[in-house]
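For reference, the structure is listed below as structure tokens.
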Amino acid sequence: MESNEVVLKVENIGKDFFGNVVLKSVSFEVKKGEVIGLVGENGAGKSTLMNILFGLPVINETGGFSGNFFLNGEKAHFSSSFDALDAGIGMVHQEFVLLPGFTATENILLNRESVKDNFAVNIFGDRLKHLDREDMKKRAVNAINKLDVNLDPEMIVAEMPVGHRQFTEIAREIDRSSTKLLILDEPTAVLTESEAEIMIKAAKKLAEEGMSIIFISHRLHEVLDLCDRVLVLRDGNLVFESESENTNPREIAESMVGRSISDFEHTERKKELQKDLLEVKDLWVAMPGEVVKGVNFTVKKGEIFGIGGLAGQGKLGIANGIMGLFPSRGKVLFKGEEIPLNNTKNILDLGFSFVSEDRRGVGLLLDEPIDWNITFTAMQAHERFIVKYLGGLLKFRNDKEIRKEALKYIDMLQIKCTSEKQFARALSGGNQQKVCLAKAFALNPEILFVSEPTRGIDVGAKELVLNALKKYNEESGITIIITSSELEELRSISDRIAIVNEGKIAGILPPSKPATDFGLLMIGESNINGEGEIK
Amino acid sequence: MKKWIIKISFVAVIVVLGVLLFFFGRQHEIIIEYGDIKINETEYSIGEELYIVKIDSEKIEIQNKTSKFSRSTSTLKTSKIVGPNHSIEVYKNDSPGETIRKDNFSVEINNNAKINLVSFINGFDDWYSQKKIVYDE
Amino acid sequence: MKNSIIESIEKIGWPRIIIGLFLASMFVIAPFVGVSVGTSISDVLVRFTFNGVLVLSLLPMVKSGCGLNFGLQLGIISGLLGAVTSIEIGITGFLGFLIAIGVSIPFAILFGIIYGLLLNRVKGDEMVVATYVGFSVVSFMNMMWLLLPYKSPDMIWGYGGTGLRTTISVEKYWFHVLNDFLSFEIGGVYVPTGGFLFFALMCLIVWIFFKSKTGTAMTATGSNPVYASSSGVNVNKMRLVSVIISSIIAAIGILVYEQGFGFIQLYMAPLYMAFPAIAALLLGGASVGKATIANVIIGTFLFQGILTMTPSVINNIIKSDMSETIRIIVSNGMIVYALTRRKKARG
Amino acid sequence: MSMSNSEKVKKFLINNTVPILFVVLLFFAIPLSGFSPEYLANEMITRLGRNSFLVLALLIPVMAGMGMNFGIVLGAMAGEIGLIFITDWGVVGINGVFLAMIISTPIAIILGFVAGLILNAAKGREMVTGFMLGFFMNGVYQLFVLYGMGNIIPINNPKILLPRGYGIRNAIDLVNIRQAFDSFIKLKIGDISIPVFSFIIIAILCIFIVWFRKTKLGQDMRAVGQDNDIAAASGIAVKRTRILSIVISTVLACYGQIIFLQNIGTMNTYNSHEQVGTFAVAAILIGGASVAKANISNVFIGVVLFHMTFIVSPRAGKELVGQAQIGEHFRVFVSYAVIAISLALYAWRRQAAKNREIKAVLDEQNEAIENRGGSQ
């Protein structure tokens, strides 16, 4: 049921974070009861757009946004998400925003409980009003019925199956009488097949009753099944918009990733690589948000092996799992012999090294000097920069050597800093990344895992980091396994690229393949007949 | 606006309650003086008999010392009373039925009560006086 | 100019400025109130030597990320066991003192291991758990002091009863064995060089340890445990080692305290001993996550300075013993102040 | 999904390990101590009347996720200041006790508010900060009572002042309000006397707590207790709610201390509040409460078990080992040990919960392998 009343009108909204542009003049309209599908690679600007609509403080803190948007015809400007809620925009996040110990009813009506007066109220204020449990139950059941799902309002969330939690959260948003526009951010990502179907049926029912919905997902068959229209965002632009009937997954995938095919240059590798160095069999990794569910691949000696895929699909889990940072299971063969998992010390001794994607959280000692940061792992794992007394009984830091090594890398990677004693916290993002690289190089590894090396650093630093990796690979022949969400970056540096989707490898393609094929693998539509070895 | 009135009145009630508690909870001393008195040449005394002075519900025994051996010559007896308004009734121990005299008195917040038993028994009206509470060391 | 002052104040930190000025003013007032500056300075120096090591013992655990050691009593009790056993053996002088240290170290290691394993299980709540583990151990030892088979007449209850006295004098054994060593007087100030040397030795040992490989790994564990584990460091092992070292230094610290103070205090005496040591460390500029040897030295000096000066100076001024109240306010105020400092936002 | 009986029993045992441990301990200690049942019953009733109010004051901060509020010592101090004033003014009996409560309420509110602010600043380590705050405030209390009263604050009854003319004496005889509540309505069954009025007051507090849980503020506190961020995201004023929970707890502790001291009859001004935090927390934990979950039944079971141990252990110690002192030390050890164990268990379980989530993912792998019949 679509009336032509426009609930949301977005007029060339733009946004940049300290110079790097994330959204360029995006405009679209959402009519009452219409379901819009929003698709795009991560980093395409989807979440930034939603943050703007939902009035999250991070937007204002980073300089606000250009252009404007209208809700039911009025110009909207929110300073906090509470304004957005009052204006009628509801948002359901990917990770649940639910109180585990509360019942479904209590969660649905959190901070909007129906209350009844009592004597103490006018003395001590409204917060002493009593909860009206019956009315709350009525409202909850009413909201649940709108979704037409069998959800017990009195069940505690902690005891609920995942699907029911999702419905509870949606019920909470639609209970707000003012909600006219509901944003669902990757709602089916954590659901099983059957739960996803119920979810979509419920969304359809809501739309029929006049609720407009923006459905963000990368599962195109779901998007096409549920949505009336599909919008595709790429690099901050709205590149594709069409009714669901007259488009297909391939066309959407193409617009999602289809850069102008020409501009990536890939220097063909000079010599042919033959020897297998690393073989991974049925690897499972329990990394929250990046779960790996049985991954198989082999990497040749001296190769640069790329791992791509959308966020949350498990690509980052692979490196973290093998390095022992997260509990993992499965078989990993290095030079033919199986190596024990979940043992970081052992992995480092075998010649592995890792540049973590979480630079500030894992990769750096923010409150220690640069020279420490660079040499620490090498010192601990390979006992370098150590001066030994009494035949190794007493091992002390050799501060001279540490300084020398640090200065070597500061020069090699042009790390801009006042001295090697400056604290890592004081460096810029790009320089911090170079310090992490230096830390990994200092281990003189045979295999180097690098995760998201260019995330959040300026373009100049990106070039330098990638060239350093390439130079290191050519000169000392170390094998690099680079995980990144920047497809272009992978294609410019890797010999082969594996795309991870839903915890498994959807396919491994040479970089020369058109971007669309990668796009299709990313959204799990690999059954579309694309060339290249698709496992 | 209505809310503020209720809030302020609630606080006011509490404060008033506090003041009342203070008044009705305050403990005073009651001093019973039973020495002989002389009023325009006539001597009055309670003699040797045992008198019972009933203050509210508390019975205090008053008797002039008869035996020569007892050294204490004081003719005072003190007790504690709580709150401002009290009743006093005096009768002889051996004839509890006949109350000699019954009366009431009230003591101010910062004072102690002083009763002159002999003048009370003999029907004079200067039997009651108040003394400011003073803390002796 | 103005903001550089504020900057330097921020760097030094308000508590040290306030307490420093307070202490300086007391030194200035002292002569007017008839308190001899010479004796008070020597008093401060003596107290510095026999408290310093206890404050130092907190360092390893703060650096390894276990936070402030509210369970310091465990190390102290191992020291007491050493002291009591050494007196039972009866050897006097410096040798007796060494025996006491020797005996207390195995106890410190044993208690340290158990205590460390427990702390590794309660990451995030170390401090509150440590507080009550410390109290329980002290009250448990109350029973042990009565039951342990010690016979030396200097220690057990007078008429041949069983169980140890609450305070045992070390007069005949190793009283001032460190302080008098090479001590000298200049201008009315008695300088306990032996005590200073011993404290300097302990600081040196700790300083050297933190230059070692394990020491560096321990510092990294405190600074960012995930970083450390991703570099192959066994975080739990590092925390355990830091607890053991803390316990050993604490055991030695209490022995140094007793030789300076002159008495072994048993039963409930060590119950609240953790707080003054922690307050001193914090006064020196340490925080819940970071501490240096300089913090130990400055903190102990300032804290002991106040403890010695307030009774003499303040009491003369207002003719009543207010120093105990001031000590409570300053000591516990420091700890509350430190606990409310947000840990530096992580990344 | 309802739990089968065996699971329910297992869950019951796990949650109540501590109380069961104590019941077993007392099972041996009581006969050993040789106390007569009447004596024990009498002691239990008086102690229930004396301590329950104080222990109940711990419930609300637990509900708001602040853990065990060792800061109730601040409330105890406010109560004592109230008692000092009514003793000075010579107000006696029930009126005196209620007046003490009225006077000390504003002090308790201010102290509670300050404590709330400080605990908010020390998020994540509320309990140890509350504990240290108690010590710090003890210093401020001494400054106020030992030096302030008599000169700055007029106190004219010399009996409670120190000979030097200012500062309150260490021990004050509260004879004017001793047993004021307990003897107001007294019931004697056999030789067991029951302070009915005190139990009425305690009952009123229990009703208030049950009533409070049903209010919006109570619900907000439960939400904040579960997860601060989600509560904030839903618009609940998290900081204010946490402060309110501390203020209420401090005020209740203030009344609790007044009831406690009225029952005992004497007050040692500078240390009768020191152990308040530890004993109250030990009692509620022995009653089966945890740092995250506590209810009224934990309070009463805890007070009985804790104080039974307190009375019985010296005599039991004497019988067992021949030294009464052992028993005394044992009961102090027991109260500290139970807190240490409960805190450690709570933190341990929280960590174990995280590992369980990780294990769940890896278990999923086994299922995948089974239904896929081994990897390709």
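Protein chains get the first letters and strands the later ones, always in sequence-line order, with residue 1 at the start of each.
- The neighbour count for D:Arg240 CZ, taken as heavy atoms of other residues, nucleotides or ligands under 6.0 Å away, does not exceed 12.
- Note that CG of B:Leu20 is 14.0 Å distant from CZ of D:Phe98, once rounded to the nearest 0.5 Å.
- You'll find the side chain of B:Ile14 reaches within 4.5 Å of the side chain of D:Ile102, heavy atoms only.
- Taking a 6.0 Å sphere around CZ of B:Phe24, one finds it holds 12 or fewer heavy atoms contributed by other residues, nucleotides or ligands.
- Across B:Phe22 and D:Val91, no two heavy atoms sit closer than the pair CD1-CG2, 3.5 Å.
- Each of D:Ile103, D:Leu99, D:Ile94 was checked for a side chain to side chain contact (heavy atoms under 4.5 Å, CB included) with B:Leu21, and the lone residue meeting it is D:Leu99.
- For the atom pair CD (B:Gln27) and CD1 (D:Ile86), the distance works out to 11.0 Å, reported to the nearest 0.5 Å.
- Other residues, nucleotides and ligands place no more than 12 heavy atoms under 6.0 Å from the NZ atom of B:Lys59.
- Other residues, nucleotides and ligands contribute only 12 or fewer heavy atoms inside 6.0 Å of the CG atom of B:Asp125.
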